Amino acid sequence: MFEPLSREYLAAPEALEEKVLENWQADDLFAATLQARKEADAFVFYEGPPTANGRPGIHHVLARTLKDSVCRYWTMQGRRVLRKAGWDTHGLPVELEVEKQLGISGKPDIEKHGIGPFNEACRNSVFTYKKEWEELSQRIGYQLDYENPYVTFDKNYVESVWFLLSRFAANDLLYRGHKVLPWCGRCGTGLSSHEVSQGYKDIDDPSVWVSFPLQNASGILADAALVAWTTTPWTLPSNMGACVHPNLEYAVISADNRHFVLLESKADSVFGEGTWEKLGTVQGAELTGLSYEPLFAFDGGEVVHEGTKRHVVSADTFVSDEDGTGIVHLAPYGADDFRIAQAEDITALLAVGNEGRFLCDVADVKAGTFFRDANKPLAQDLKDRGRLIKRSQCNHSYPHCWRCDTPLLYFPSPAWFLKTTAYKDAMVEENQRIRWAPSEIGEGRFGEWLENNIDWALSRDRYWGSPLPVWMCNADENHWDCLGSFEELADRVGGLPTDFDPHRPVVDTLHYPCTASDCTGTMHRVPQVIDCWFDSGAMPLAQYHWPFENQELVAEQFPADFIAEGLDQTRGWFYTLHAISVFLTRVDKKLWAENPDLPRLTPGSAYKSVLVNGLLLDTDGQKMSKRLGNIVNPAEAIGQHGADAIRWGLLAGGAAHLSRRYDDRALAEVRRRVFGTLTASYDFFALYARTEGWEPSADTISDRPPLDRWILSRTQATAEECAQAWEDLEPSHALRALEGLIVDEISNWYIRRSRRRFWAADDPVGQQSAFTTLHEVLSTVAQLIAPVAPFLADALWQRLGHAESVHLTRFPEHSVWRDPALESAMDPILRASSLGRSVRERVQIRVRQPLAKVLVHINAEAKLVASPRDYEATLREELNVKEVEWVEGTPDFLQVRAKANFKTLGRRAGKDMKELAAAIGTLDRETLFTLKGGGTTEVTVGDTTYALTGEDVLMETLSVEGLEAAGDGKVTLGLVTDITPELEREGLAREVLNRIQTQRKESGLEVSDRIRLKVFADAPLRQALQEHGKWIADEVLAPDGLDLPDALPAWAASTTDLPENVHHWDLPGDVGVKILVEKA
RNA sequence: GGGCCAGUAGCUCAGUUGGUUAGAGCGUCCGCCUGAUAAGCGGGAGGUCUGUGGUUCAAAUCCACAUUGGCCCA
């Protein structure tokens, strides 16, 4: 029992941690904690599924540590915390990775390769890094059930996703529409914003200003034409409207004998300075509803939105006054344009199709022309017809396809939407019930996002994803079904293939006759797959194949008490979880009405609290990226510092939501300062427990000294702070409190001031109390650090002699230890110690030199319940004084100062406060004492007289006349610095004692070894040693006493060439001494 | 362009509802202790709390604007 820990741990944290890990795995600790809490209340946690097609980085260690620590805390609070691992397996990143592996690129390549083999490759690639993730997670102590993870491509998972989607459809919240996407006409595919950002290039484009002559306008606008600007003349045939800003003021001008409307500030650049004349102004809002002459007349094209209007003016705030003319030409090739068309019911017609080519002849442009090649002829045509006002070239950066380098167009592509805007209010309301840490994200970032909610574009024109379970009739596109289970599909198609897997392409081969009456069409699945964010958002239900299985379990495990992810998930997982759950539990009333046996899920969001963590930057505050080469390899970091130090360092390094830096130096400091101090404290305890043969016993110690009760109280206070911090989702607060307890209170104060008691054979009761107390304190600390430093906690716990793992214990709660009065009484002692050392420093008297007396005065304001006098012995030893004199009242030799109490006076005094404070500062001693004695006084400032009571004035004591003194306002201390010959001799004796101990240590003696001791000294020292020899001998374990020979040997004159085991020392005051220390 | 966050000592960060002298660690200077010893401790020095304006008797804290950086979304 009580083997040392410090050296072993600090030298190689990794080795110790791996040993601990092996034990956990051998005992299946995670299963054991769950087993022990089988009947306990659940604390529900959802694991946000990582994408398993990339290596885990150090930032994942941060997120996983946060999750793990909170879950461990609640487990220690006795809750049953299931932690099902999960993997996000679908989506574009997987496809791109596989394309690279297969050496193909783009949709045509994939289809040539075959969707079947392609998807098979995707499925296999997903787990390339799974093992690495699992190993890292385990190595950092992230407790998670890896045996039964949820996997989003699993057929059961997909079936749950289908079910959820069918519920949206059943509530008429699934609809077909168009989504404007960056689009490559050659590849025939939409691109994600990430892909687009990889392909910007500078190219030249025409820049044209065209006119829209108003029709049926009156007044100043009669015969005027709007001026619009574009760099994409190819979109002009598809022009469907013009848009202005409702609140901008537009000028009506005359130029070239015609009238135009545009922003006045832009007229010079379009028409040239001095060539135009302002006729008047008009508000944007006044232009709305007017119609104008279309730019082109042609037949054909594709209608993508059937509306009641065309070529009209509308107003919207997206119009800016910076570029162009303040009047925007609307065509379906823009997201804002498309949105306005839908809102204003404007018909949207495409002249350019999804291959990037014209669908019909327009002016001189033939059908089939590539869109950019039409710019010139169209501009020429407009010029010929007088509709082109100005033309120039502009060079700008334009997105290109990263695969084939073709310029992209924005294209309204058919897509399926979830009508989330229909229940936006419910989402906003439920968001207010979520506890966000930090709260600003819930109100701000997430709240804003919900307020500006737009319908969820759900479909993706891709291959590797949950297939959209919509079957559509080939005769009438208005006939479509959204299927909600494999059984339903089997019923329709007359049975499913054996080992049915719902992925493409097999699912695409399943057809059935249209069920609409009088329709002879066939139902085919639509080609799209589902946005993989829907997969992950469905996780609370789909992870348990709900509602097909586990109905009761899901009812218990919904919603989550806690989730935690990075800030980047605000509009990702945090949103999709919320959107799906609010819909299912609040909007879908039919489901619950029609299925009374289905256990009800608590209405609301999918999570009650969420801890958001910020970015992890490198040491210089730079974002970690492969390009910069500043990625921290987690395995290397763990090898260097150990997982616990990294966990601690990452969590302590600032508020969780702030971006913080990964700093090797900070981690090294955690190891040294926190873990080093803790393990050294344990080693101190263990050393003397072994030496003295101490063992823990069940006996209670009835009468512990105040210092022991103090540290117990502080430990319990810290436990309470930690519990509060975990419940507030503020891990760094818990760690700060623990660091203070470990470093300042246990090590630097309690142990430092208690050391002697551990070997004090003359006080067995005190010794027993010291051992028991420190054992209890260290055990409690092991439990308190367990959520964050699980390895060290367990190693420490077990070395302290506890049988089972610390992780099976309950979070410490020893309310009987708590004694706030005792705690506050220590404060003046700590202050007095600090002041005393400060004075000694100033007067240059080292601590080893005993002094006769210290005077201590504690400000009456402190109003202490318990008396600091309980700690008098502690203070005496700390300051090395013979006597502490507690000064009562406020004797004349104390200098006092009055200060205004701003809190009580501020409101009363108002503007006079400043002067009043100054006046109070000058109050004399006598008045002060009157006040403090319960009397009152009056102070006049300006015209107002203020009646003051003792409460309004704070009295500080500053120094002591006639003594070397110091004060901090609350405690004043005066040191009697006269050194009598007697004290001087004791000081010298202490110097000798110190040298002997040093010699002991240098000779490699154990602390309990007995020694033989001989001291060779001259006259002045001899007297000191004769007086204190017995005491010295006792202290240094010299059973034969201190041998002080009268006659000095010949070598005593030299300081070199000394016999073995003899050292020469120079003591203060030019005193030399030679000491022999050898093992007895 | 919109939203959110941050800017405090040379560095990394605390700072509770506005209140008296803005704290800690690292680094630096000086010193000390040691029956925890390849550790440890104390005492100094070091701050226009990003800037400007405002509210207030009183602002690091509340408000506005600006500025720098970060993230998300356009």
Side-chain angles (χ1 to χ4, degrees), chain A residues 4 6-7 10-11 193 317-318 320 322 335-336 438 440-441 443-449 451-452 566-572 612 614-615 617 619 621-623 652-655 657-661 663 665-666 668-670 672-674 676-677 679-688 691 732-733 736 739-740 743-744 747-749 751-752 755-756 758-759 833-842 844 846-848 880 899-917 921 954 956 968-969 993-994 997-998 1000-1002 1005-1009 1035-1037:
Chain A
S6 193
R7 291 266 175 89
L10 295 177
S193 55
T317 51
F318 97 96
S320 107
E322 285 174 17
D336 284 311
E440 309 89 71
I441 294 181
E443 292 152 20
R445 194 180 272 235
F446 196 63
E448 290 285 332
W449 164 252
E451 286 291 345
N452 300 317
L567 190 58
D568 54 346
Q569 293 297 321
T570 311
R571 280 137 159 123
V612 184
L615 232 68
L617 308 172
T619 313
Q622 299 273 317
K623 197 172 172 173
H657 68 284
L658 300 178
S659 56
R660 79 276 300 286
R661 301 174 182 205
D663 189 349
R665 287 168 309 176
E669 195 190 318
V670 167
R672 188 182 58 76
R673 187 168 155 271
V674 184
T677 306
T679 53
S681 297
Y682 162 78
D683 275 6
F684 171 85
F685 163 82
L687 173 64
Y688 291 103
T691 309
S732 65
H733 290 186
R736 246 201 307 283
E739 288 179 9
V743 177
D744 297 331
S747 173
N748 287 341
W749 192 243
I751 293 182
R752 183 149 64 88
R755 274 186 298 214
R756 299 182 63 83
F758 287 88
W759 58 84
S833 304
S834 175
L835 290 169
R837 284 188 300 252
S838 175
V839 171
R840 273 185 176 271
E841 169 114 8
R842 197 168 67 225
Q844 294 283 300
R846 62 197 182 284
V847 179
R848 231 178 275 145
N880 194 14
K899 282 200 133 187
N901 184 352
F902 282 73
K903 261 186 178 158
T904 62
L905 290 172
R907 292 202 148 189
R908 272 159 60 198
K911 283 194 199 312
D912 292 337
M913 190 59 221
K914 221 172 220 170
E915 281 182 65
L916 181 59
L954 306 173
E956 291 188 343
D968 65 0
L993 170 66
N994 163 251
Q997 297 289 27
T998 307
R1000 274 190 66 114
K1001 189 56 81 183
E1002 284 174 1
L1005 295 172
E1006 295 294 322
V1007 293
S1008 54
D1009 284 341
E1035 286 290 309
V1036 302
L1037 302 182

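In what follows, chains are A, B, ... by sequence order, proteins preceding strands, each numbered from 1. For the numbers below, each heavy atom of this structure counts, side chains included, while hydrogens, waters and symmetry mates do not. The structure displayed is predicted, hence computed values, not measured ones.
Under the ring-ring contact (aromatic ring centres under 6.0 Å, His included) criterion, A/Phe902 pairs with no residue, sequence neighbours left out. Taking A/Arg752 as the reference, A/Glu878 meet the side chain to side chain donor-acceptor pair (under 3.5 Å) condition, with sequence neighbours excluded. A/Ser681 pairs by the side chain to side chain donor-acceptor pair (under 3.5 Å) definition with nothing, not counting sequence neighbours.
Taking 3.5 Å as the limit, the base of B/A36 and the side chain of A/Ser747 contain a donor-acceptor pair of atoms between them.
The local environment of CZ in A/Arg842 is crowded, with over 12 non-hydrogen atoms from other residues, nucleotides or ligands closer than 6.0 Å.
A/Phe758 has its ring centre no less than 6.0 Å from the ring centre of A/Phe685.
When heavy atoms are screened at a 4.0 angstrom cut-off, A/Arg1000 is found touching no nucleic acid atom at all. Looking at heavy-atom distances under 4.0 Å, A/Ile751 makes contact with a base. Within 4.0 Å of A/Gln844, counting heavy atoms only, lies no atom of the nucleic acid at all. When heavy atoms are screened at a 4.0 angstrom cut-off, A/Ala680 is found touching base atoms of the nucleic acid. Among the heavy atoms of the strands lying under 4.0 Å from A/Tyr688 is at least one base atom, whether or not backbone atoms are also near.
Across the protein-nucleic acid pair, A/Arg840 atom CZ and B/G31 atom C1' stand 13 Å apart, rounded to whole Å. Residue A/Glu739 contributes atom CD, which lies 15 Å from atom P of B/A24 at whole-angstrom precision. Rounding to whole angstrom units, CH2 of residue A/Trp749 and P of B/C41 are separated by 14 Å.
Of the candidate nucleotides B/C32, B/A38, B/G35, B/A38 has the atom lying nearest to any side-chain atom of A/Arg7. Listed nucleotides: B/G3, B/A36, B/G35. Nearest to the side chain of A/Glu448: B/G3. Listed nucleotides B/A14, B/C32, B/C41 differ in distance to A/Arg736; the shortest reach to its side chain belongs to B/A14. Taking only side-chain atoms of A/His733, from C-beta outward, the nucleotide of B/G15, B/G35, B/C33 with the closest atom is B/G15. Here B/C11 is the nucleotide among B/C41, B/C11, B/C33 with the atom lying nearest to any side-chain atom of A/Arg665.
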- Watson-Crick and G-U pairing of RNA chain B written in dot-bracket, each distance under 3.5 angstrom, with | for inter-strand partners: (((((((..((((.....[...)))).(((((.......))))).....(((((..]....)))))))))))).

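Nearer to the 5' terminus of RNA chain B, by closest-nucleotide assignment, is the contact made by A/Ala652 (compared with the other of A/Val1036 and A/Ala652).
Contact annotation: A/Arg673 does not reach the phosphate of B/G40 (side-chain N/O to OP1 or OP2, under 4.0 Å). Listed pair A/Arg842 / B/G31 fails the phosphate criterion, with no side-chain N or O lying under 4.0 Å from OP1 or OP2.
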Report, one pair per line, the protein and nucleotides 16-20 of chain B atoms (nitrogen or oxygen only) whose separation is under 3.5 Å.
{"residue": "B/U20", "atom": "O2'", "partner": "A/Lys899", "partner atom": "NZ", "Å": "3.1"}
{"residue": "B/U20", "atom": "O2", "partner": "A/Ala900", "partner atom": "O", "Å": "3.2"}

Polar atom pairs between nucleotides 42-46 of chain B and protein, under 3.5 Å, N or O only, would you list them?
{"residue": "B/G42", "atom": "N2", "partner": "A/Glu841", "partner atom": "OE1", "Å": "3.4"}
{"residue": "B/G42", "atom": "N2", "partner": "A/Glu841", "partner atom": "OE2", "Å": "3.4"}
{"residue": "B/G43", "atom": "OP1", "partner": "A/Ser834", "partner atom": "OG", "Å": "2.4"}

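When side chains are defined from C-beta on, A/Asp744 does not count as touching A/Glu739, because their heavy atoms never get closer than 4.5 Å.
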